[in-house]
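Here is the structure we will look at, set down as structure tokens.
Order of appearance sets the numbers: ligands from 1, and atoms from 1 within every ligand. None of the values given here were measured: they were computed from a predicted structure.
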Amino acid sequence: MKSSSSKNQALEQVKQSIIKDKVCPDLAASATQLVFGDGDPNSSIVFIGEAPGKAEDATGIPFVGAAGKFLNEMLETIGLERSAVYITNIVKYRPPNNRDPLPEEKKAFLPYLQRQLEIIQPKIVVALGRHAASCFLPQLKISLDHGHAKRITLAFSGQPLTLVLLPLFHPAAALYNGSMRQTLIDDFSLIPDIISQVKDPRISFKQVTI
Ligand code: URA
């Protein structure tokens, strides 16, 4: 396994390449800074959101605003320290006025997200909301597929990466919606079981190759 410091170095190179490659220059110009990722690059679990909001744009750290506080609370309820997981977004600059990321913005950032995952080699990806989840499963309907873990194989340029994808509602969408909030909390409580099952090759998840 690569050490945290060599993974951090490789991740820093990906971050610098986003700047060098001038990905989404209009978004870059309207944002304060690039919000790349936070947490432990040796974690077996990666959480992926949509795009930075105001607080993330100001701090350079994903999920530090209201949605982030809710995410931290849910992590705590399942006994996971935020510092023990890795957190990032598909789109890495704040869209103006927090509008939804555009399809071309998600597409432009996808290779960099893939590089992040190739370096981290997670066993589980928790996709927070439909924008993150549909990067992996384009046909996905978050209202139907949330809470259903699937084993997927990502066919990157290098070695294919097989992992378990858990699509969930986005914490910001669920924050002030009572029933969605409870559904998200219930779905979140599946994570510890998935973590233990994923280590057991006899347990199969629905297999999808994309
Ligand atoms: N919502 C997201 O999708 N990502 C963040 O980093 C913050 C809010």
Given ring pair (Phe, Tyr, Trp, His ring centres under 6.0 Å), test Phe169 with His131 step by step and report yes or no.
CA-CA 10 Å; Phe169 285 134; His131 290 287; over 10 Å; no
When you look for heavy atoms under 4.0 Å from ligand 1, do you find them on the side chain of Ala51, its backbone, both, or neither?
backbone
Geometric cation-pi criterion, Arg181 with Phe70: 6.0 Å, 45°:
yes
Below 3.5 Å, N or O to N or O, backbone or side chain included: is there any such pair between Pro52 and ligand 1?
no
Sequence-distant partners of Asp26, side chain to side chain donor-acceptor pair (under 3.5 Å), two or more places apart
none
Element-labelled atoms of ligand 1 that are located less than 4.0 Å from some non-hydrogen atom of Gly49
3 (O)
Backbone of Asn89 reached by a side-chain donor or acceptor of Lys92 within 3.5 Å:
yes
Assess His170 for proximity to ligand 1: is some non-hydrogen atom of it under 4.0 Å away?
yes
So is Ala172 touching ligand 1 or not, going by heavy atoms under 4.0 Å?
no
Using a 4.0 Å cutoff against the non-hydrogen atoms of Pro62, which atoms of ligand 1 qualify?
6 (O)
Give the residue, atom name and distance (to 0.1 Å) of the protein heavy atom nearest atom 4 (N) of ligand 1.
Asn89 OD1, 2.7 Å
Donor-acceptor contact below 3.5 Å, side chain Arg130 vs main chain Ile142
no
Give the contacting part of Glu50 toward ligand 1: side chain, backbone, both or neither, where contact means a heavy-atom distance below 4.0 Å.
both
Step through the shown structure and confirm whether more than 12 heavy atoms of other residues, nucleotides or ligands are within 6.0 Å of CD on Gln139.
no
